[in-house]
Structures are given as structure tokens and as C-alpha cells.
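Remember, predicted model here, so these are calculated numbers, not experimental data.
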Amino acid sequence: MDELQQLVNKFVSDRDWDQFHAPVHLAKSIVIESAELLECFQWDNDHFDQQHVKEELADVMIYCLQMCDKLNVKADDIIKMKMKMNEEKYPVEKAKGKSDKYNEL
């Protein structure tokens, strides 16, 4: 287990919060925190409080790490797996410089 996962797990364990962290609750929390991250840019795309953005981004990532732990998967492993899938769906020669969905390339 990596250092970040241990740090998050200790925080949760020290507070006896694991009982509240079923995957469905963590998924909801990820969405809620993602919305709070988006709120940082609600009225101005160019001027935002970077500290607030970092805090909300960290909240999203913390909940994601908790979800990984709950599902017994490693963040590195699933990110590498998904990147491999993305490389196949979005080959450079078709996708470079385009924002089209993979089935529209």
C-alpha cells in the first residue's frame, strides 16, 4: 500500500468512519466534491482561487483513493489499464488535435 493510501486509511480509521464508506456512499461523495470543484469556476474561467481549487481537487482524489481501497484495487493499476484502453480508442493518428468522441473519429 502506498503512502497516500496509508495516510487516508489512517485518517478514516482514527475517526471510525469506514462504517459510512460503502462504495455507493463514496461514489456520491466523489460526485459532490467534483461539483464543488466545478463551482470554483462557475462565474469566471480565468480568475479563480487556486488554493480553493487545490482543496476541492484533493477532496475528489481522497474519495477516489477510499473507493479504490474499498474495492481492493490499486489506483496505479486501474489508471494504467484505462490509459491503455484510451490509447486504443484514441489513436494519435486519428485523435491528435481533435476533441471528437472515439466513435466519431
Side-chain angles (χ1 to χ4, degrees):
M1 185 179 307
D2 74 0
E3 181 183 349
L4 285 178
Q5 190 71 63
Q6 289 176 354
L7 182 66
V8 171
N9 287 358
K10 181 176 182 341
F11 180 87
V12 171
S13 177
D14 288 350
R15 287 154 184 81
D16 193 26
W17 286 353
D18 190 57
Q19 62 184 313
F20 307 116
H21 292 168
V24 66
H25 300 130
L26 293 169
K28 290 174 186 178
S29 295
I30 290 166
V31 171
I32 292 164
E33 292 298 339
S34 296
E36 291 178 11
L37 174 61
L38 183 58
E39 187 178 33
C40 294
F41 304 97
Q42 184 172 6
W43 304 115
D44 190 339
N45 296 341
D46 300 318
H47 302 95
F48 53 88
D49 180 343
Q50 185 158 352
Q51 180 60 34
H52 192 199
V53 169
K54 291 191 301 188
E55 291 169 12
E56 297 303 339
L57 182 57
D59 286 340
V60 171
M61 296 169 73
I62 289 166
Y63 278 122
C64 288
L65 285 174
Q66 288 179 277
M67 178 72 90
C68 286
D69 185 63
K70 189 58 71 172
L71 298 176
N72 198 31
V73 298
K74 294 181 180 177
D76 286 358
D77 292 344
I78 63 173
I79 290 170
K80 288 174 185 174
M81 179 229 13
K82 184 62 179 178
M83 291 305 299
K84 182 176 169 90
M85 292 170 66
N86 288 343
E87 287 176 3
E88 293 171 7
K89 283 169 70 172
Y90 297 96
V92 174
E93 59 277 2
K94 289 184 178 180
K96 189 170 185 170
K98 298 180 181 176
S99 63
D100 300 336
K101 190 160 174 119
Y102 69 93
N103 60 351
E104 297 174 357
L105 292 173

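Surrounding CD of Gln19 are more than 12 heavy atoms belonging to other residues, nucleotides or ligands, all under 6.0 Å away.
One hydrophobic cluster, built from ILVMFWY side chains closer than 4.5 Å, cannot hold both Met85 and Met83; they sit in different ones.
Partner Lys84 forms a side chain to side chain contact (heavy atoms under 4.5 Å, CB included) with one of Lys82, Glu88, Lys80, Met81 and no other, that one being Glu88.
Sequence neighbours left out, not one pair with a member in residues 93-105 passes side-chain hydrogen bond (donor to acceptor under 3.5 Å, both in side chains). Within the structure, ring pair (Phe, Tyr, Trp, His ring centres under 6.0 Å) pairs that include any residue of residues 41-95 comprise Phe41-Phe48 (at least two apart or interchain). Pairs engaging residues 4-16 under the salt bridge (Lys or Arg N to Asp or Glu O under 4.0 Å) rule: Lys10-Asp14 [sequence neighbours left out].
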Kindly list each side-chain donor-acceptor pair under 3.5 angstrom involving residues 23-31, sequence neighbours excluded, with atom names and distances?
{"residue": "His25", "atom": "ND1", "partner": "Phe20", "partner atom": "O", "Å": "3.3"}
{"residue": "Ser29", "atom": "OG", "partner": "His25", "partner atom": "O", "Å": "3.0"}

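Shown here are the side chain to side chain contact (heavy atoms under 4.5 Å, CB included) partners of Met61, two or more places apart in sequence or in another chain: Leu57. For Glu36, the side chain to side chain contact (heavy atoms under 4.5 Å, CB included) partners are Ile32, Glu33, Glu56, not counting sequence neighbours.
Interatomic distance, SG of Cys68 versus CG of Leu4, reported as 11.5 Å (0.5 Å rounding). One distance of note links NZ of Lys54 with SG of Cys40; it measures 12.0 Å at 0.5 Å rounding. For the atom pair Asp69 CG and Gln66 CD, the distance stands at 8.0 Å (nearest 0.5 Å). Between Asp76 atom CG and Asp2 atom CG the span is 6.5 Å, to the nearest 0.5 Å.
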